[in-house]
K.L.:
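One structure follows; several queries about it will come next.
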Amino acid sequence: MSRIGVFVCHCGSNIAGTIDVEQLAQAAREFPHVVHTDDYKYICSDTGQQSIKDAIAEHKLDRIVIASCSPRMHELTFRKMLESTDVNPYMLEVANIREQCSWVHKDKDVGTKKAIDLVKMAAAKVDHDAPLFTTAIPINKRALVIGGGIAGMQAALDIADAGYPVTLVEKEPSLGGKMVMLDKTFPTLDCSACICTPKMADVGSHPLITIKTLSEVEQITGYVGNFEVTIREKAKYVDYDSCTGCGLCETKCPSKVTSEFNQGLGLRKAIYTPFAQAVPNKPTIDAAHCRKLLEGKCGVCEKVCAVNAIRFDDVDTTSTETYGAIILAFGYQLINWQELYGEYGGGLYQDVIHGLQFERLLNASGPTEGHIQRPSDGAEPKTLAIIKCVGSRDPHKGRSYCSRACCMYAAKHAHQYLDKVDGAKCFIFYMDVRCAGKGYDEFYMNTQHDGATYLRGRVSKIYEENGKLVCLGEDTLSGSQVRVDADMVVLETAMVPADDANRIGSMLGVTRDKDLWLSEAHPKLRPVETNSGGIYLAGTCQGPKDIPDTVAQASAAAMKVAILFNKDELESNAMIAQSNSSLCNSCGACEAICPYQAITLEEITRRENSVMVTRKVSKVNPSLCQGCGACTVACRPGAMDLKGFSDEQIMREVDALCQW
């Protein structure tokens, strides 16, 4: 006979304000097999948890129902508490009477009645719960970081400094990401390269960090502690072991193409190092523009190389290695404003540029050596218009969310422009100014003192007239129409998820939110973890953020990896799917729907009606399964079930609601 204890939390006034907790506890005493009930102001507190332990010992309870907030908040807390008692941690049910009840009902009688029903269902389910147990998973103490920007580098350094080997994969020829393209960083106006390039050097020289540039992750299988990862390293056509990075080959190369690093505002050679401080600081050959590889002609780089490092016969290589944890740090990309905003010229006007292009004009190592010049004719612009929220906070054309960094980004651009150009005028069109970071508001105010004119309103159209870019808009504060005749326009464009977000997220079973950013397990309590064990998020692959927040999250993700690696074994999830092979009809629906690739069809041989029969049945990998339950819904014959949420347990809840 079960002995159930029901404990009701007041949650201060969050629950007690709209639910009669004493009446709820009294009603629970009448439920079958409930032998003890109690209510407490904060049941999740140390004293609250101790009261549960005392009740378990005194009343010999073997099953627990806690009526409180969402199980996402504190279910793990209560399970850990039960580990120190004689009650199996999975003989626990949490009735969510806060989010599902008190927060959505103002009428106390209605809220109390619904709370009684929720606790009644939880008591019926826990009466049919069975003890569950975890298994031990060995951990391979090597980490993989995908993305070599500031987030990936910070995470890799922190893990390596903790004593664990790291492989850092970057798809570009050099580390640095987008931060190394910037001129200065707000609000202190530190030189971005002065901050970023020393960190790049630290990564490049760290004995526990292996760097793989021009590389992409092709396939990921396995589970937390044991991920099998296949990485493709693209052909560089240069032997990095022999190359000294002297740069002579780049100097002599006759082929010139548009520079991606300079955002299309400058040229580079077909054999190139992206920028002077690149790591690794060795060139690679762009096969799409190399005359030797395309036509069999030229080969000047090979002729001038003193160490014979050029390898025109180089090919892509793949390698598969095992990692215990993976950090996703592949960043963001800018929204394609040319396609979305035809009213801004749609890319037809050379002097309408986006913020990252303006950064390259400001940068001393950029195509104009830090001199602000119009791309169309090289003239110095005397009037600059900056338009914020291009693609951000615009659900009709762009994205509904705020890109967070743009307000300060625009203020920094205005400050730098006014500082560099004598007699300049700067107009900033904005919707709202959001400066929440430390020192941010002061920086914004200083930009106004520098002479920047802020105009609250959107720009409706940009067109050329008499050599000027006419920006038509509205000042919503005065209610008047605004026209700015600008020499150059800078668009502060929205951050959007990188192309790799869908591909890599799908490989790892990491979900994405409505805006297609990778989703964390919990926005408050598990902000760097995902619902896939051993997979962590760092930086702007999760959503828009500035550099300080990116670095902080990268270090937090690295700490999670270090905590994982500090153990020799990992406890598996006990609430996983299980298959009844006698019911399985080999349809494969469960395998197809599983987001974690935890289910496979395997052949078994068994005796059926005195005949040995070989057929395929579904098999669950307990290390991969995250207990989402998708397979149980997809299974037509009902062969798949979920431990802790079996069909019988769910039906007991329904029966309790309908019959008692």
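We count residues from 1, following the sequence as given. All values below come from the heavy atoms of this structure, side chains included, with hydrogens, waters and symmetry mates left out.
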K.L.:
Got Val203 and Val279 here, is their nearest side-chain heavy-atom distance under 4.5 Å?
P.N.:
no
K.L.:
Taking only residues at least two apart or on different chains, which pairs with a member in residues 444-493 satisfy ring-ring contact (aromatic ring centres under 6.0 Å, His included)?
P.N.:
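Residue pairs with at least one partner in residues 444-493: Tyr430-Tyr454, Tyr444-Tyr454.
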K.L.:
Give a yes or no answer on whether the side chain of Arg360 reaches the backbone of Met181 with a donor-acceptor pair at less than 3.5 Å.
P.N.:
yes
K.L.:
Enumerate the salt bridge (Lys or Arg N to Asp or Glu O under 4.0 Å) contacts for residues 239-248, please, sequence neighbours excluded, ordered by first and then second residue.
P.N.:
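Sorted result for residues 239-248: Asp239-Arg311.
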K.L.:
Do Phe330 and Lys171 come close enough that some side-chain heavy atom pair is under 4.5 Å?
P.N.:
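SC-SC contact between Phe330 and Lys171 ruled out.
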K.L.:
Under the ring pair (Phe, Tyr, Trp, His ring centres under 6.0 Å) rule, collect the residues that match up with Tyr440, sequence neighbours excluded.
P.N.:
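Only Phe186 meet the ring pair (Phe, Tyr, Trp, His ring centres under 6.0 Å) criterion with Tyr440.
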K.L.:
Might you confirm whether atom CD of Glu442 has over 12 heavy atoms from other residues, nucleotides or ligands at distances under 6.0 Å?
P.N.:
no
K.L.:
Please examine the side chains of Val238 and Ile271, heavy atoms only from C-beta on, and report whether any two atoms are closer than 4.5 Å.
P.N.:
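A side-chain contact under 4.5 Å exists here.
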K.L.:
Using a 3.5 Å distance criterion without hydrogens, assess whether the side chain of Asp487 forms a donor-acceptor pair with backbone atoms of Lys382.
P.N.:
yes
K.L.:
When you compare the side chain of Ile462 with that of Cys471, does any pair of heavy atoms fall below 4.5 Å?
P.N.:
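A side-chain contact exists here, since the closest heavy-atom pair is under 4.5 Å.
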K.L.:
Return the minimal non-hydrogen interatomic distance between Pro173 and Leu214, and the atom names on each side.
P.N.:
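Where Pro173 meets Leu214 most closely, the heavy atoms are CA-CG, 4.0 Å.
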K.L.:
Between Glu359 and Asp183 (side chain of the first, backbone of the second, donor and acceptor by atom type, cut-off under 3.5 Å), is there such a pair?
P.N.:
yes
K.L.:
To the nearest 0.5 Å, what is the distance between CG on Leu361 and CG on Leu356?
P.N.:
10.5 Å
K.L.:
Within this structure, what is the CG-CD distance for the pair Leu265 and Gln350, rounded to the nearest 0.5 Å?
P.N.:
9.5 Å
K.L.:
Among residues at least two apart in sequence or on other chains, which ones pass side-chain hydrogen bond (donor to acceptor under 3.5 Å, both in side chains) with Asp161?
P.N.:
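Residues passing side-chain hydrogen bond (donor to acceptor under 3.5 Å, both in side chains) with Asp161: His206.
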K.L.:
Above 12 or not: heavy atoms from other molecules or residues under 6.0 Å from NZ of Lys282?
P.N.:
yes
K.L.:
Decide yes or no on salt bridge (charged side-chain N to carboxylate O under 4.0 Å, His left out) for Lys234 and Glu216, but give the supporting numbers first.
P.N.:
CA-CA 8 Å; Lys234 296 180 182 178; Glu216 292 186 358; 3.6 Å; yes
K.L.:
Above 12 or not: heavy atoms from other molecules or residues under 6.0 Å from CD of Glu295?
P.N.:
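Atom CD in Glu295 is crowded, with more than 12 foreign heavy atoms closer than 6.0 Å.
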K.L.:
Holding to salt bridge (charged side-chain N to carboxylate O under 4.0 Å, His left out), I want the full list of residues that pass it with Lys256, two or more places apart in sequence or in another chain.
P.N.:
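Partners of Lys256 under the salt bridge (charged side-chain N to carboxylate O under 4.0 Å, His left out) test: none.
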K.L.:
Is there side-chain contact between Arg393 and Cys402, with heavy atoms separated by less than 4.5 Å?
P.N.:
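They are in contact (side-chain heavy atoms under 4.5 Å apart), so the answer is yes.
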K.L.:
Tell me whether Ser259 contacts the main-chain N or O of Asn262 through its side chain, where contact means a donor paired with an acceptor under 3.5 Å.
P.N.:
yes
K.L.:
So does Lys236 get a backbone contact from the side chain of Asp314, meaning a donor-acceptor N/O pair under 3.5 Å?
P.N.:
yes
K.L.:
Is the CE atom of Met559 crowded by more than 12 outside heavy atoms at less than 6.0 Å?
P.N.:
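Open: at most 12 neighbouring heavy atoms sit under 6.0 Å from CE of Met559.
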K.L.:
Quick one: which residue pairs count as a salt bridge (Lys or Arg N to Asp or Glu O under 4.0 Å) with a foot in residues 450-466, not counting sequence neighbours?
P.N.:
Asp432-Arg456, Glu465-Arg483
K.L.:
Please check: side-chain N/O of Gln219 versus main-chain N/O of Thr230, any donor-acceptor pairing under 3.5 Å?
P.N.:
no
K.L.:
Do you know the tightest heavy-atom contact between Thr447 and Ala414?
P.N.:
CG2-CB, 3.7 Å
K.L.:
Donor-acceptor pair, Asp316 side chain versus Ala235 backbone, under 3.5 Å?
P.N.:
yes
K.L.:
Is the shortest heavy-atom distance from the side chain of Leu455 to the side chain of Val484 under 4.5 Å?
P.N.:
yes
K.L.:
According to ring pair (Phe, Tyr, Trp, His ring centres under 6.0 Å), who are the partners of Tyr409, at least two apart in sequence or on a separate chain?
P.N.:
His413
K.L.:
Please say which of Thr167, Ile231, Thr317 ends up in a side-chain contact (heavy atoms from CB on, under 4.5 Å) with Ser215.
P.N.:
Ile231
K.L.:
Please enumerate all residues that pass ring pair (Phe, Tyr, Trp, His ring centres under 6.0 Å) together with Tyr401, with sequence neighbours excluded.
P.N.:
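In terms of ring pair (Phe, Tyr, Trp, His ring centres under 6.0 Å), with neighbours along the sequence ignored, Tyr401 is linked to Trp517.
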K.L.:
With a 4.0 Å cut-off on N to O distance, would you call Glu250 and Arg268 a salt bridge?
P.N.:
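Answer for the salt bridge query: no.
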K.L.:
For Pro187 versus Met408, what's the shortest heavy-atom pair and its separation?
P.N.:
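In this case the closest contact between Pro187 and Met408 is CB-CE, 4.4 Å.
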K.L.:
If every non-hydrogen atom of Leu418 is compared with every non-hydrogen atom of Ala424, which pair is closest and at what distance?
P.N.:
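The answer is CD2-O, 3.8 Å.
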K.L.:
For Lys545, does the NZ atom sit with more than 12 other heavy atoms under 6.0 Å from it, leaving out its own atoms?
P.N.:
yes
K.L.:
Under 3.5 Å, is there a donor-acceptor pair between the side chain of Glu474 and the main chain of Thr476?
P.N.:
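Not a single qualifying donor-acceptor pair exists.
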K.L.:
State the OG1-OH distance between Thr530 and Tyr536, to the nearest 0.5 angstrom.
P.N.:
8.0 Å
K.L.:
Looking at residues at least two apart in the chain, or sitting in another chain, which of them share a side-chain hydrogen bond (donor to acceptor under 3.5 Å, both in side chains) with Asn446?
P.N.:
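Residues passing side-chain hydrogen bond (donor to acceptor under 3.5 Å, both in side chains) with Asn446: none at all.
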K.L.:
Could you go through the salt bridge (charged side-chain N to carboxylate O under 4.0 Å, His left out) check for Arg232 and Glu218 one step at a time?
P.N.:
CA-CA 6 Å; Arg232 176 175 294 275; Glu218 276 201 341; 2.4 Å; yes
K.L.:
Would you say Asp351's side chain and Arg374's backbone share a donor-acceptor pair under 3.5 angstrom?
P.N.:
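Side chain of Asp351 to backbone of Arg374: no pair is present.
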K.L.:
Compare all side-chain heavy atoms of Leu168 with those of Thr210 and state whether any distance is below 4.5 angstrom.
P.N.:
no
K.L.:
For Ser400 and Asp515, work out which heavy atoms get closest and say how close.
P.N.:
OG-OD1, 4.0 Å
K.L.:
Roughly how far apart are Gln338 CD and His354 NE2, rounded to 0.5 Å?
P.N.:
7.0 Å
K.L.:
Name all pairs fulfilling the ring-ring contact (aromatic ring centres under 6.0 Å, His included) condition that reach into residues 261-305, sequence neighbours left out, sorted by first residue then second.
P.N.:
Phe261-Phe275
K.L.:
Checking Tyr417 now: which residues fulfil side-chain hydrogen bond (donor to acceptor under 3.5 Å, both in side chains) with it, not counting sequence neighbours?
P.N.:
none
K.L.:
So, using side-chain hydrogen bond (donor to acceptor under 3.5 Å, both in side chains) as the criterion, who are the partners of Arg434 when residues are at least two apart?
P.N.:
none
K.L.:
Please confirm whether the backbone N or O of Met495 pairs with a side-chain atom of Ser403, one donor and one acceptor, at under 3.5 Å?
P.N.:
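Flag set: sc Ser403 to bb Met495 pair under 3.5 Å.
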K.L.:
Which pair of heavy atoms, one from Gln263 and one from Gln357, lies closest together, and at what distance?
P.N.:
O-NE2, 3.1 Å
K.L.:
Which of these, Val551, Leu175, Asp202, sits in a side-chain contact (heavy atoms from CB on, under 4.5 Å) with Met153?
P.N.:
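Among the candidates, only Leu175 passes.
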K.L.:
Side chains of Lys468 and Thr383 only: does a donor on one sit below 3.5 Å from an acceptor on the other?
P.N.:
no
K.L.:
Is there a side-chain contact between Ile146 and Ile326 (heavy atoms, below 4.5 Å)?
P.N.:
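Yes. Closest side-chain heavy atoms under 4.5 Å.
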K.L.:
Distance only, no hydrogens: is a donor on one side chain within 3.5 Å (strictly under) of an acceptor on the other, for Gln154 and Asp158?
P.N.:
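Yes, a side-chain donor-acceptor pair sits under 3.5 Å.
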K.L.:
Checking Glu492 against Lys412 for the salt bridge (charged side-chain N to carboxylate O under 4.0 Å, His left out) test, could you report, in this order, the C-alpha distance in whole Å, the side-chain angles of both residues, the deciding distance, and whether it holds?
P.N.:
CA-CA 11 Å; Glu492 309 297 10; Lys412 184 193 72 163; over 6 Å; no
